[in-house]
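Here, residue 1 is the first one in the sequence, and each next residue gets the next number.
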Amino acid sequence: QVQLVESGGRLVQAGGSLRLSCAASGLTFDREDMGWFRQAPGKDREFVAAISWVTRTSYANTVKGRFTISRDNAKNTVYLQMTSLKPEDTAVYYCARDQRRSGWDQRDWTPEQYDYWGQGTQVTVSA
């Protein structure tokens, strides 16, 4: 069965950096488009970044220039490198598989388009 397992979340000071990892199994990973989302307490789950199987990327405006999504197909892993972290980046971060197979440029980055999710990893940024 499909499994996505996130890791790397922890407490970090504002201005610091973190790298999150998401290890995938049960998928043909090198043909999958993947995404990162986050959810803060009392808020909806929101899009952070996405990467296609041919390594096209998309970012939320709130993280553009600070976060970088990447993948290592040999390790079946997608990464989220986060720099210049802010307290408002505090959330549970989830990786997910995009169930769409075409139309990258026309996509809306909503959770409903993703069908497999990890359990999440907590990122806390202190002021």
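- By the side chain to side chain donor-acceptor pair (under 3.5 Å) test, T121 is found to be paired with no residue, residues two or more places apart in sequence or in another chain being considered.
- With sequence neighbours excluded, the residues forming a side-chain contact (heavy atoms from CB on, under 4.5 Å) with K64 are Y59, N61, listed by chain and number.
- Legend: residues meeting side-chain contact (heavy atoms from CB on, under 4.5 Å) with W117, ordered by chain and number and at least two apart, are F37, R45, Y94, A96, P111, Y114.
- Remark: S25 pairs with Q3 by the side-chain contact (heavy atoms from CB on, under 4.5 Å) rule, at least two apart or across chains.
- Taking a cutoff of 4.0 Å between a charged side-chain nitrogen and a carboxylate oxygen, D105 and R56 qualify as a salt bridge.
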For residues 77-86, which side-chain donor-acceptor pairs fall under 3.5 Å, sequence neighbours excluded?
residue, atom, partner, partner atom, Å
T77, OG1, K75, O, 2.8
Q81, NE2, L18, O, 3.4
T83, OG1, R66, O, 2.7

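- Partners of E46 under the side chain to side chain donor-acceptor pair (under 3.5 Å) rule, at least two apart in sequence or in another chain, are R38.
- Under the salt bridge (Lys or Arg N to Asp or Glu O under 4.0 Å) criterion, D44 pairs with no residue at all, not counting sequence neighbours.
- Sorted by first and then second residue, the disulfide bond (SG atoms under 2.5 Å apart) pairs with a member in residues 11-127 read C22-C95; sequence neighbours excluded.
- For D115, the salt bridge (Lys or Arg N to Asp or Glu O under 4.0 Å) test picks out R97, with sequence neighbours left out.
- Applying the salt bridge (Lys or Arg N to Asp or Glu O under 4.0 Å) rule to R100 yields the partners D98, D108; only residues at least two apart in sequence or on another chain are considered.
- For N73, the side chain to side chain donor-acceptor pair (under 3.5 Å) test picks out R71, with sequence neighbours left out.
- With sequence neighbours left out, Q122 forms a side-chain contact (heavy atoms from CB on, under 4.5 Å) with T90, V92, T124.
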